[in-house]
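When a ligand or atom number is given, it counts from 1 through the structure's own listing order. Remember, predicted model here, so these are calculated numbers, not experimental data.
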Amino acid sequence: MAVADRPILAGMTPDELKAFVVSHGHPAYRATQINDWLCRRFQMVPDAMKNLPSALRQDLQSELHAPSSRIIRRADAGDGTGKLLLSLADDEVIEMVTIPAGDRLTFCLSTQVGCPVRCRFCASGADGLKRNLRCGEILEEYLHGIAAAGKQPENLVFMGIGEGLLNIGELLKSLDRLTSPAGFGMSPRRITVSTSGIVPGIRQLAAVKREYNLAISLHAVNDRIRAELIPDACRYPVQEILRAADEYRETVGRMVTFEYTLLDGINDSRADAAELGRLSRRHHAKINLIPFNETGNGFRRPSRRTIDEFAAEIERNGGHVTVRRERGSGENAACGQLRRQHAAPDNAGLSDN
Ligand code: SF4
């Protein structure tokens, strides 16, 4: 079996584990023990699974990816936010982020290597899509995060590299594993799936009828401005996105969030804010303003005053708005920056893991 086709231990369901152990001549209850190591003790290295016989540990090690990824860099922002750069089995590289806030910990996970959407202001999408992540690779991000942070997160956001709804099969498998009682047991209400507005994906996510939070990166109130920010290939019309958001809220019973990256002189006018306020009211959606994290690609963050006035205008028009607190601004804060810096020759300042 080619290395790339090997199953990934962290992504295997209890049934798949059972089929594996039985087909290798071990009793079925060993699958429960392996599952407990993964989901209760967050251990993905067979040699550390001490109650397994060495022959089974050997089978797991030689026939599966266990694990398939490893941490190659860490960056700490100084405010507790940590970024892990992970190398995959085929030497591709992704990021995951750990974000503590008070006594709560949030993980931000990637779903693809690169991103096909190629938003013009985003470092992650600059080189397009390399490939989708497999369910096991997504779950390994989660497990590496737990090992680095020393605990399971209270919240999980799929806002890292990639457009998760364009990798929805593997995303749904990982969501299932993260929330099933036999898996990691997280509440769906503690998980947020972010999308750039992939309408068929929003409908597929709604169809599973789990209470995942949905965050739609609107970034513009009309198609003209949106076309300046998101290339045609993966962009859906604003009205279609709003309809899909309504359907999601009605089907799942969760309020949708519209993410709005504020870019100086592009989408930060008073008229934009007023329209966003009206959209928020009409569609019962929260607005999350994200002051742009400058990455040297020509886009600029508006002044503090513009951001405050923009938020106030949304509220005056009946909208419900929050401004995202800056986290990780000290070190490669925007998503994809650490990965791009790794690809470039000058990656000084990061500590080798
Ligand atoms: S902002 Fe999100 S959807 Fe857009 S290119 Fe970056 S990772 Fe992809």
Side-chain angles (χ1 to χ4, degrees), residues 83-86 88 92-97 99 107-133 137-138 141 156-168 170-171 174 191-202 204-205 213-220 223 225-238 240-241 244-245 256-263 266-267 287-301 324 326-328 332-343:
K83 285 200 174 199
L84 301 184
L85 197 64
L86 305 176
L88 307 177
E92 292 293 353
V93 171
I94 55 167
E95 280 178 29
M96 72 82 60
V97 185
I99 310 159
F107 285 178
C108 176
L109 303 186
S110 297
T111 52
Q112 297 181 309
V113 182
C115 181
V117 182
R118 308 189 82 156
C119 300
R120 295 196 170 94
F121 52 84
C122 173
S124 303
D127 301 325
L129 177 71
K130 290 268 181 70
R131 69 171 175 85
N132 285 328
L133 290 180
E137 292 171 314
I138 294 171
E141 290 179 66
L156 201 55
V157 295
F158 283 91
M159 292 186 181
I161 299 169
E163 166 52 70
L165 296 189
L166 290 177
N167 183 19
I168 191 149
E170 298 302 299
L171 175 66
S174 30
I191 299 179
T192 299
V193 174
S194 173
T195 176
S196 61
I198 304 298
V199 168
I202 294 172
Q204 276 176 274
L205 189 66
N213 301 301
L214 179 67
I216 300 177
S217 296
L218 209 53
H219 302 322
D223 292 319
I225 302 176
R226 220 161 177 268
E228 286 179 38
L229 303 175
I230 305 177
D232 294 350
C234 298
R235 194 183 67 251
Y236 285 80
V238 169
E240 277 188 37
I241 295 172
V256 171
T257 300
F258 293 143
E259 305 278 344
Y260 195 97
T261 297
L262 268 172
L263 299 156
I266 306 274
N267 62 359
I287 307 292
N288 189 23
L289 294 182
I290 307 163
F292 182 59
N293 230 325
E294 290 179 16
T295 54
N297 57 5
F299 290 99
R300 300 201 60 81
R301 171 201 300 241
R324 185 184 288 179
E326 267 186 76
R327 299 300 306 256
N332 312 298
C335 84
Q337 264 178 278
L338 186 62
R339 172 173 171 263
R340 280 178 70 74
Q341 199 173 50
H342 174 75

For this session: Let me see the working for Leu166 and Val117 under side-chain contact (heavy atoms from CB on, under 4.5 Å), right down to the final yes or no.
Result: CA-CA 9 Å; Leu166 290 177; Val117 182; 4.3 Å; yes
Problem set entry | Counterpart residues, side-chain hydrogen bond (donor to acceptor under 3.5 Å, both in side chains), relative to Asn297 (two or more places apart) | Thr295
Seminar exercise, completed: Atoms of ligand 1 under 4.0 Å from any heavy atom of Cys122, numbered from 1 in the order shown, are 1 (S), 5 (S), 6 (Fe), 7 (S)
For this session: Report, in ascending order of atom number, the atoms of ligand 1 lying under 4.0 Å from any heavy atom of Val117.
Result: 3 (S)
For this session: Please lay out, stage by stage, how Thr111 and Glu163 fare under the test side-chain hydrogen bond (donor to acceptor under 3.5 Å, both in side chains).
Result: CA-CA 7 Å; Thr111 52; Glu163 166 52 70; over 6 Å; no
Problem set entry | All side-chain hydrogen bond (donor to acceptor under 3.5 Å, both in side chains) counterparts of Arg235, not counting sequence neighbours | Asp232
For this session: Count the heavy atoms of every other residue, nucleotide or ligand shown that sit under 6.0 Å from CZ of Arg131, and state whether that count exceeds 12.
Result: yes
Exercise. Does the shortest distance from atom 4 (Fe) of ligand 1 to an N/O/S atom of Cys119 fall below 2.8 Å?
Worked result: yes
Problem set entry | Proximity winner for atom 7 (S) of ligand 1, if only heavy atoms of Gly128, Pro116, Ser217, Gly162 are counted | Gly162
For this session: Give the numbers and elements of all ligand 1 atoms closer than 4.0 Å to a heavy atom of Gly125.
Result: 5 (S)
